[in-house]
Amino acid sequence: MQKIEITDQDSLLKVRQIVHSLAREIGFGLVDQTRITTVASELTRNILLYAKKGHVEIYNINGSRIGLKMIFIDEGPGIDNIELAMKDGYTTSGGMGKGLPGSKRLMDEFYIESAPGKGAKVTVIKWLKG
């Protein structure tokens with residue numbers, strides 16, 4: 001497991017580099033490497049935008065299935081309405097509102113936990129095919 005603190009734009013670059021490198025080492029093809037790195041970037045940006053700081057835990061899953069798991073955790077304001085936040089186009093930041101639903105589409109598993117005032121925890125997994 002690797003834990004990376006997310007505090008600034010340099011953190012974003014570090015997360016992208018480590019996730020991309022690990023995805024390649026695990027054996028993901030170029031398309032999935034790009035998908036995984038895109039999700040890592042989006043969820044890291046969300047932490048910087050909404051919570052200002054947090055961290056990501058990155059796991060190389062090597063059991064009966066092989067994959068990559070990332071858990072993004074912050075102690076920011078949390079999400080008032082997760083169902084609404086998962087709709088394409090919904091945003092509270094003036095962005096495009098595609099981050100969370102887009103991340104869900106790019107990964108094989110996506111879980112989100114949050115409550116107002118208690119931060120957010122987003123867990124994503126991509127499984128190696130074949």
Side-chain angles (χ1 to χ4, degrees):
M1 186 273 282
Q2 294 188 55
K3 180 178 176 181
I4 303 168
E5 296 296 327
I6 298 170
T7 57
D8 55 24
Q9 291 298 315
D10 289 341
S11 309
L12 175 61
L13 296 174
K14 185 174 182 181
V15 169
R16 286 182 54 88
Q17 290 170 342
I18 290 173
V19 166
H20 187 266
S21 177
L22 185 56
R24 186 177 58 242
E25 287 175 23
I26 290 171
F28 285 102
L30 185 57
V31 172
D32 280 339
Q33 290 174 34
T34 302
R35 288 177 176 144
I36 294 165
T37 304
T38 299
V39 169
S41 296
E42 186 60 38
L43 296 177
T44 299
R45 274 192 209 99
N46 278 358
I47 287 177
L48 291 171
L49 181 63
Y50 295 104
K52 309 300 181 208
K53 64 180 182 177
H55 71 271
V56 57
E57 298 170 4
I58 306 166
Y59 298 87
N60 178 353
I61 302 171
N62 194 0
S64 60
R65 296 177 78 183
I66 296 172
L68 189 144
K69 177 179 180 180
M70 300 181 287
I71 305 173
F72 295 83
I73 300 171
D74 70 65
E75 295 179 5
I79 301 170
D80 289 336
N81 185 331
I82 292 175
E83 185 176 334
L84 189 58
M86 293 304 299
K87 291 190 175 199
D88 278 317
Y90 176 78
T91 180
T92 59
S93 69
M96 295 174 60
K98 296 188 180 291
L100 288 176
S103 294
K104 183 176 181 178
R105 285 190 293 271
L106 292 175
M107 301 299 281
D108 295 320
E109 296 186 35
F110 180 99
Y111 308 98
I112 186 166
E113 302 169 40
S114 184
K118 297 188 176 183
K121 177 179 175 182
V122 180
T123 303
V124 293
I125 300 174
K126 189 72 170 175
W127 297 110
L128 190 63
K129 308 286 189 281

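Note that the numbering runs from 1 along the sequence shown for the chain.
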Could you pull out every donor-acceptor pair under 3.5 Å between side chains of residues 118-125 and any protein atom, sequence neighbours left out?
none

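- For the atom pair NZ (K129) and CZ (R65), the distance works out to 7.5 Å, reported to the nearest 0.5 Å.
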Side-chain donor-acceptor distances from residues 39-49 under 3.5 Å, at least two apart:
| from | atom 1 | to | atom 2 | distance (Å) |
| --- | --- | --- | --- | --- |
| S41 | OG | R16 | NH1 | 2.5 |
| S41 | OG | T37 | O | 3.0 |
| T44 | OG1 | A40 | O | 2.7 |

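- Here M1 is tied into one hydrophobic group with Y59, I71, I73, each link being a pair of ILVMFWY side chains closer than 4.5 Å.
- Annotation for I6 and H55: closest pair CD1-C, 3.9 Å, computed over non-hydrogen atoms.
- Listed by chain and number, the residues in a side chain to side chain contact (heavy atoms under 4.5 Å, CB included) with L22 are E25, I26, I58, N60, L68 (sequence neighbours excluded).
- In this structure a side-chain-to-backbone donor-acceptor pair under 3.5 Å is present from S11 to D8.
- Atom OG of S103 is separated from atom CG of L100 by 6.0 Å, given to the nearest 0.5 angstrom.
- Summarising the geometry of P77 relative to A51, their closest heavy-atom pair is CD-CA, 4.3 Å, with the distance given to 0.1 Å.
- With values rounded to the nearest 0.5 angstrom, I66 atom CD1 is found 9.0 Å from F28 atom CZ.
- For N81, the side chain to side chain contact (heavy atoms under 4.5 Å, CB included) partners at least two apart in sequence or on another chain are E83, L84.
- At a threshold of 4.5 Å between non-hydrogen side-chain atoms, the residues M86 and I82 count as touching.
- Of all non-hydrogen atoms in A85 and P101, the two that sit nearest each other are O-CD, 3.9 Å.
- Residues meeting the side chain to side chain contact (heavy atoms under 4.5 Å, CB included) test with R35, sequence neighbours left out: V31, D32, L106, K126.
- At least one side-chain heavy atom of M70 sits under 4.5 Å from a side-chain heavy atom of I36.
- Nearest approach of E109 to W127, heavy atoms of both residues: OE2-NE1, 2.8 Å.
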